[in-house]
Amino acid sequence: MHLISAAGASPSLVLQLVVSGVVLGSFYALLGMSVSVIYSTTKVFHFAHAFVYTAAAYVALGTASVLGVPIVLAIVIGLIAAVVLGVTIELVVYRSMRRSGASSLGIFLASLGISIAGPNLIQIIFGPDGRNLPVGNPALYTVGTVTFTTWDIVTVVVSWALIGGVLAMRRSRWGLASIAVSANRELSAAVGISPQKIYVYAFAVGSLLIGSAAILFTLNQAATPNMGLQPVLFGFIATFLAGVGNQKTAPLAGFVLGMVVSLSGIWLSQTFQTAVIFGLLFVALIVRPQGIFRKAAV
Amino acid sequence: MERSENAAGTTDRLVANGLVCGYGKHSVLHDVSLTVGAGEIVTILGHNGAGKTTALKALFGLLPVQSGVVIHDGKDITRTSTASRVRGGMSYTSATSAIFRDLTVRQNLELGAFTVRDSKVRAERLARIHDLFPVLKDRGSAVAGRMSGGQQRLLSIGLALMSGAELMLLDEPSLGIAPSLVTELFESIRALSRDAGLSVVLVEQNVGAALPISDRVYYLRAGEILLSESADEARARDDWWELF
């Protein structure tokens with residue numbers, strides 16, 4: 001395998017990488033939005049998000065392939081499971097820890113614990129091997145020299161539709177309330193917003209998004225018990241690239257991340273993907289710790 | 001439920017009796033009792049650390065009360081949530097974070113009326129506040145944290161008014177604004193109380209500015225109310241600090 005490819009990459013390769021970048025970027029944008037919705041509002045390092053991701057995929061493929069439920073219904077059940085799980089973690093674990101005065105480090109460690117124990121549980125039930133969602137093979141389209149599949153189109157459309165939906169909800173009563181809680185928790189309580197309810201709302205929305213991402217992922221690739229860690233990590237990186245608390249730009253940061261990773265394929269082998277992502281985070285945190293975009297009103 | 005009468009003969013808007021309250025096991029308020037009538041401005045004076053802010057937070061339900069009662073408009077609200085106190089017509093304006101700095105002026109005012117479901121009522125209140133403080137209309141789309149200190153204070157009052165508050169708890173409204181604006185700000189609080197029957201519990205270091213607009217004064221030391229007297233009596237006194 002070549003590590004550094006020829007400097008003069010062919011135009012068709014570049015074009016293909018741009019298209020892959022759009023697909024990957026849309027997926028990362030969804031991850032960024034999902035993590036940002038939860039983190040900017042609740043300030044919880046919700047690593048157990050990785051378990052929610054994995055659970056959504058396994059519940060969907062479990063109900064479809066083991067119970068024989070129709071695939072669309074199975075996906076809906078998987079998404080519901082994600083929301084229920086995310087909200088349950090907030091209510092049962094985080095809320096009671098907050099009430100007993102646990103530090104944010106303590107809450108983070110509990111979350112990390114769930115993100116390790118959860119996938120282990122899934123491995124005990126389903127085994128360590130990859131499992132596919134029974135969706136069949138997608139149609140392959142070729143435009144000029146560029147190829148893409150039905151699932152690529154689905155990924156792009158679904159990701160941006162969900163992101164658009166969440167951003168549109170910011171104008172609603174609940175959306176405004178969650179912006180307020182993320183901007184100033186104490187004052188939010190003083191104007192009569194219950195931060196507890198907004199936390200539940202943030203976990204429900206964030207879990208729905210991460211569950212959707214997991215389903216989109218398993219359209220293309222096999223689910224494994226440890227599938228959740230990397231996407232959640234990338235979601236956090238997008239959140240930090242965008243500048244913490246800046247929900248509007250988190251998906252944009254995710255998109256840039258996916259695009260850069262894909263285009264780095266012109267010069268670098270795929271094996272360097274993760275290094276590129278962390279390199280980008282490293283540089284951004286030094287050069288622009290407030291986020292890579294110009295700061296605007298929330 | 002017990003209803004007490006104040007000097008003006010009207011029912012007290014707020015009655016606190018024997019409040020004990022603190023952070024964790026450490027109690028800050030040992031015995032705080034006070035009353036506020038309709039349209040009355042009551043100022044709590046005391047040193048730093050006397051428990052003035054804690055008292056306001058306890059009255060507003062931001063801190064759980066260990067013992068004692070809080071009665072608002074004749075209803076015992078000691079154990080009710082902050083949100084329901086806001087719906088009941090109470091507001092609290094913090095000394096340090098009284099506005100959403102990252103949001104626009106307009107968003108701030110909208111959030112002030114978060115508990116108001118009726119959009120017509122919200123629009124009416126917004127119009128009234130724009131009349132009172134035209135600068136908040138002119139700078140509606142400005143990011144609140146980028147306005148001057150005085151404008152931010154006006155916004156904090158506007159935010160409280162948007163909730164429909166009839167009882168405002170104001171913590172150090174003069175903090176960080178120019179002395180000339182302090183008088184203006186306090187005059188508009190006085191006007192609101194006179195014209196709209198607004199009741200105010202004021203915590204203020206700037207005694208000179210607070211007394212002229214106050215009806216009554218409470219002296220708080222080490223979590224206990226030492227003395228209560230009319231603002232006129234307090235003004236006549238030139239040895240406030242000897243009380244402490």
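Letters go in sequence order (proteins before strands), and every chain restarts at 1. Bear in mind that the values here come from a model prediction, so they are computed numbers and not experimental data.
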Out of curiosity, A:Asn184 CG to B:Arg101 CZ, how far, rounded to the nearest 0.5 Å?
-> 10.0 Å
Output for pair (B:Leu111 CG, A:Ser188 OG), nearest 0.5 Å, gives 7.0 Å
Judged by atom type as modelled, is there a donor-acceptor pair below 3.5 Å linking the side chain of A:Arg173 to the main-chain atoms of B:Phe114?
-> yes
Heavy-atom proximity to chain A below 4.5 Å, by part of B:Ala144 | neither
Salt bridge A:Glu186-B:Lys57, side-chain N to carboxylate O under 4.0 Å | yes
Heavy-atom distance under 4.5 Å between the side chains of A:Ile193 and B:Val86, does that happen here?
-> no
Sort out for me which of B:Ser94, B:Ala98, B:Ser163, B:Ser81 touches chain A most, counting heavy-atom pairs under 4.5 Å.
-> B:Ala98
Got A:Val191 and B:Leu159 here, is their nearest side-chain heavy-atom distance under 4.5 Å?
-> yes
Scanning both residues in full, the closest heavy-atom pair of A:Gly192 with B:Ala83 reads O-CB, 3.5 Å
Heavy-atom pair with the smallest gap, counting every atom of A:Ala183 and B:Phe100 = CB-CD2, 4.2 Å
Taking everything shown except B:Arg106 itself, do over 12 heavy atoms lie less than 6.0 Å from its CZ?
-> no
Heaviest contributor of heavy-atom pairs below 4.5 Å to chain A, chosen from B:Ala113, B:Gly145, B:Ser97, is B:Ser97
